[in-house]
Each structure stands twice: as C-alpha cells, then as structure tokens.
Amino acid sequence: MPELLRVLELGGCIVTLDAMGCQKSIAREIIEADADYVLALKGNQETVHQEVKSFLEATVAEMTGPRRPGARLTQAAERTGF
C-alpha cells in the first residue's frame, strides 16, 4: 500500500482505509503527501479502541451537555457520488 500512496496525488485529499490499512507507516505516508486520513479502528485493539471511545464520548458530552441515561448518539452523513 505505501507504494500506491506514493504514486497518487493525495495533497489536500482525505484518504479512508479499512482496518488492514491502519498502520503507522501508512499514516506517515499519507501525512507526508500533505493529505488527511480516516483509519478504521476495530474492537480487537482493545486498549486503543477504549482510549478513542472514551475520548470521543467525553468530547461529545462536552459539546452537547448531559444526556439522559440510555440515550444513544446518532450520526448523519451526506454522501456524494462521482
């Protein structure tokens, strides 16, 4: 995958990868290409998964205020195809 990233013009792009591409060397290649990335994080990486989950929950709570017990967060995304 790093070889592929080097031949693409990624500057200013957002690169998305599944869990197979979630490696420090790949993230480094993307950053060096002046791009941003979204990497998948699976539950089998228990420590980092819990750290990220806790961070996101705290961030959402800070931004939205208290939630009622048992309430679930939802996410909406607009997708545009080319």
Side-chain angles (χ1 to χ4, degrees):
M1 177 141 353
E3 294 83 14
L4 174 62
L5 294 173
R6 284 186 212 115
V7 299
L8 297 173
E9 294 184 28
L10 298 176
C13 294
I14 299 174
V15 178
T16 60
L17 299 167
D18 64 8
M20 187 170 78
C22 190
Q23 300 174 26
K24 291 179 184 179
S25 61
I26 292 174
R28 191 175 307 109
E29 291 282 342
I30 294 168
I31 292 168
E32 288 174 0
D34 196 31
D36 293 306
Y37 58 86
V38 177
L39 301 177
L41 178 61
K42 295 176 75 175
N44 63 345
Q45 299 290 328
E46 293 179 24
T47 302
V48 70
H49 184 266
Q50 187 57 48
E51 289 172 354
V52 171
K53 183 177 177 184
S54 296
F55 171 79
L56 293 174
E57 287 172 347
T59 301
V60 168
E62 183 179 305
M63 292 172 43
T64 62
R67 294 186 293 146
R68 67 182 193 283
R72 294 180 52 110
L73 297 175
T74 58
Q75 175 182 336
E78 180 178 329
R79 296 177 186 214
T80 305
F82 296 99

Is it the case that over 12 heavy atoms from other parts of the model lie below 6.0 angstrom from the CD1 atom of I14?
no
Given T16, L17, D18, the one that forms side chain to side chain contact (heavy atoms under 4.5 Å, CB included) with L39:
L17
Same hydrophobic cluster for V38 and L4, using side-chain heavy-atom links shorter than 4.5 Å among ILVMFWY?
no
Under the criterion side chain to side chain donor-acceptor pair (under 3.5 Å), I'd like the reasoning laid out for E51 against T47: C-alpha separation, chi angles, the key distance, then a yes or no.
CA-CA 6 Å; E51 289 172 354; T47 302; over 6 Å; no
Distance-only check: which donor-acceptor pairs under 3.5 Å involve side-chain atoms of residues 27-34, not counting sequence neighbours?
| residue | atom | partner | partner atom | Å |
| --- | --- | --- | --- | --- |
| E29 | OE1 | R6 | NE | 3.3 |
| E29 | OE2 | R6 | NE | 3.3 |
| E29 | OE2 | R6 | NH2 | 3.0 |

